[in-house]
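See structure below.
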Protein chains: 2
Amino acid sequence: MVLFRRLLGEVLRTQRMRQGRTLRQVSADARVSLGYISEIERGQKEASSELLASICSALDVPLSEILSEVSDAVALEEAAMAVAIEDATALSTTSIPTAPVDGPRSGDVVASAA
Amino acid sequence: MVLFRRLLGEVLRTQRMRQGRTLRQVSADARVSLGYISEIERGQKEASSELLASICSALDVPLSEILSEVSDAVALEEAAMAVAIEDATALSTTSIPTAPVDGPRSGDVVASAA
């Protein structure tokens with residue numbers, strides 16, 4: 001399951017670091033506690049819509065841009081998950097030759113000089 | 001302030017109605033209570049990331065697509081707000097001629113036959 005809050009946190013952290021700002025600076029500008037904003041960046045807490053607007057304003061980045069970046073990041077994960085599911089399906093439907101039906105098994109003595 | 005939950009609710013409702021499905025159907029498929037999903041669509045409750053994933057799955061629309069639509073809707077509101085702020089600034093910086101400085105005021109007797 002792709003979780004919105006995890007990718008939102010990553011996008012917000014990337015934006016902040018791109019601007020060379022500390023958590024403390026953004027927390028002061030957004031009037032959000034340092035602990036809370038840190039949990040949001042790590043995807044551990046959901047940000048309320050009001051809080052998200054405050055953080056965007058503190059970062060001076062439009063909410064639409066943040067959401068567009070999150071959408072792109074989510075799309076990448078969705079694609080990766082689709083490939084993983086396809087691989088798993090292929091593995092479960094393809095018979096894996098652990099032992100050939102008509103051939104010798106590992107450990108069988110095929111020809112022995114003895 | 002542009003609130004994420006309000007535009008998310010609008011996008012989710014539009015998607016559901018586009019599919020001709022009732023709140024009851026999506027609520028059953030997403031295993032979310034009818035009241036809760038209805039509040040989310042009306043932008044009155046924040047949806048947790050898990051719940052959002054469930055609703056997207058019930059609607060059979062990728063989360064990335066929902067977020068992209070929300071981003072577009074947010075961008076439109078941001079543009080409209082920017083225009084409104086510009087208009088308000090123009091109004092407050094332009095001197096509005098309520099009474100001409102050197103002319104007669106409304107109610108002044110400029111010339112009287114009396």
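Note: hydrogens, waters and symmetry copies are ignored here, and every other heavy atom, side chains too, is used. In the text below, chain A, chain B and the rest are named by the order of the sequence lines, each starting its count at 1.
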Does a sphere of radius 6.0 Å around [atom1] in [X] hold more than 12 heavy atoms from other residues, nucleotides or ligands, not counting ones at 6.0 Å or beyond?
{"X": "A:R31", "atom1": "CZ", "value": "no"}
{"X": "A:R24", "atom1": "CZ", "value": "no"}
{"X": "B:D87", "atom1": "CG", "value": "yes"}

> Is chain A contacted by the side chain of B:L52, its backbone, both, or neither, given a heavy-atom distance below 4.5 Å?
Replying inline: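 B:L52 touches chain A through side-chain heavy atoms alone.
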>> Can you tell me which portion of B:E50 sits under 4.5 Å from chain A's heavy atoms? Options are side chain, backbone, both or neither.
In response: both
>> So A:E46 and B:S49, do their side chains get closer than 4.5 Å, heavy atoms only?
In response: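 A side-chain contact exists here, since the closest heavy-atom pair is under 4.5 Å.
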> What residues of residues 71-78 of chain B sit under 4.5 Å from chain A when you count only heavy atoms?
Replying inline: B:S71, B:V74, B:A75, B:E78
> Among B:I66, B:L8, B:L67, which has the most heavy-atom pairs under 4.5 Å with chain A?
Replying inline: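 Of the candidates given, the most pairs with chain A belong to B:L67.
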Is there a path of hydrophobic side-chain contacts, each under 4.5 Å between heavy atoms, that joins [X] and [Y]?
{"X": "B:M81", "Y": "A:V61", "result": "yes"}
{"X": "B:L34", "Y": "B:L59", "result": "yes"}
{"X": "B:L3", "Y": "B:V11", "result": "no"}

> Taking atom OG of A:S64 and atom CZ of B:F4, what is their separation to the nearest 0.5 Å?
Replying inline: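 Going from OG on A:S64 over to CZ on B:F4, the span is 12.5 Å.
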>> Could you measure the distance from the OG atom of B:S48 to the NZ atom of A:K45? Nearest 0.5 Å is fine.
In response: 14.0 Å
